[in-house]
Amino acid sequence: GMIATNIVDSDRHRPDQLATEFTEDQKFVTGYLAQAVADGMAPSEVARKVLDAIRNETFLIFTHDTYPGQLSTRGETLASGGLPDIPDFA
């Protein structure tokens, strides 16, 4: 899951002399990312989870409920010498 931020607009911080035109691939990825981020979790919700984790001395912070199972499966696959599937961040 994504977090609703302005990450897709980060090129606005790029100095003019380093600006480049987006390739078709970059336009595609940026369009996908823009939609995914728009549908993402509110930053205030992430902040609440982070503060809760700090207060509870929790080392690993899962922003989405599906992540613990995905991480466990990935770790088991790696530990058995396998190549894990590409994570599902949706």
> Heavy atoms, side chains only, cut-off 4.5 Å: are Ile3 and Val37 in contact?
Replying inline: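 No - every pair of side-chain heavy atoms lies 4.5 Å or more apart.
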>> Counting C-beta onward and ignoring hydrogens, is there a side-chain heavy-atom pair between Met41 and Val46 closer than 4.5 Å?
In response: yes
> Given the rule that I, L, V, M, F, W and Y join up when any side-chain heavy atoms are under 4.5 Å apart, are Leu71 and Tyr67 in one cluster?
Replying inline: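 Yes: a chain of side-chain contacts under 4.5 Å links Leu71 to Tyr67.
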> Judged by atom type as modelled, is there a donor-acceptor pair below 3.5 Å linking the side chain of Thr30 to the main-chain atoms of Gln26?
Replying inline: yes
In a table with atom names and distances, give each donor-acceptor pair under 3.5 Å that connects a side chain of residues 6-18 to protein atoms at least two apart or in another chain.
unit_1: Ser10; atom_1: OG; unit_2: Ile7; atom_2: O; d: 3.1
unit_1: Arg12; atom_1: NH1; unit_2: Asp9; atom_2: O; d: 2.7

> Among all residues two or more places apart in sequence or in another chain, which pass the side chain to side chain donor-acceptor pair (under 3.5 Å) test with Lys49?
Replying inline: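 Residues passing side chain to side chain donor-acceptor pair (under 3.5 Å) with Lys49: none at all.
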>> According to side chain to side chain donor-acceptor pair (under 3.5 Å), who are the partners of Ser44, at least two apart in sequence or on a separate chain?
In response: none
> Among pairs that include at least one residue of residues 26-35, which meet salt bridge (Lys or Arg N to Asp or Glu O under 4.0 Å), considering only residues two or more places apart or in two chains?
Replying inline: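 Sorted result for residues 26-35: Glu24-Lys27.
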Mind listing the side-chain donor-acceptor pairs of residues 79-86 below 3.5 Å, one per line with the distance, residues two or more places apart or on another chain?
unit_1: Ser80; atom_1: OG; unit_2: Glu76; atom_2: O; d: 3.3
unit_1: Ser80; atom_1: OG; unit_2: Thr77; atom_2: O; d: 2.9

> Can you tell me how far the OG1 atom of Thr5 sits from the CG atom of Leu33, to the nearest 0.5 Å?
Replying inline: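 The OG1 atom of Thr5 sits 7.5 Å away from the CG atom of Leu33.
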Residues 54-63, side-chain donor-acceptor partners within the protein, below 3.5 Å, at least two apart:
unit_1: Asn56; atom_1: ND2; unit_2: Asp52; atom_2: O; d: 3.0

> Where do Ala4 and Pro43 come nearest, in terms of heavy atoms and distance?
Replying inline: O-CG, 3.1 Å
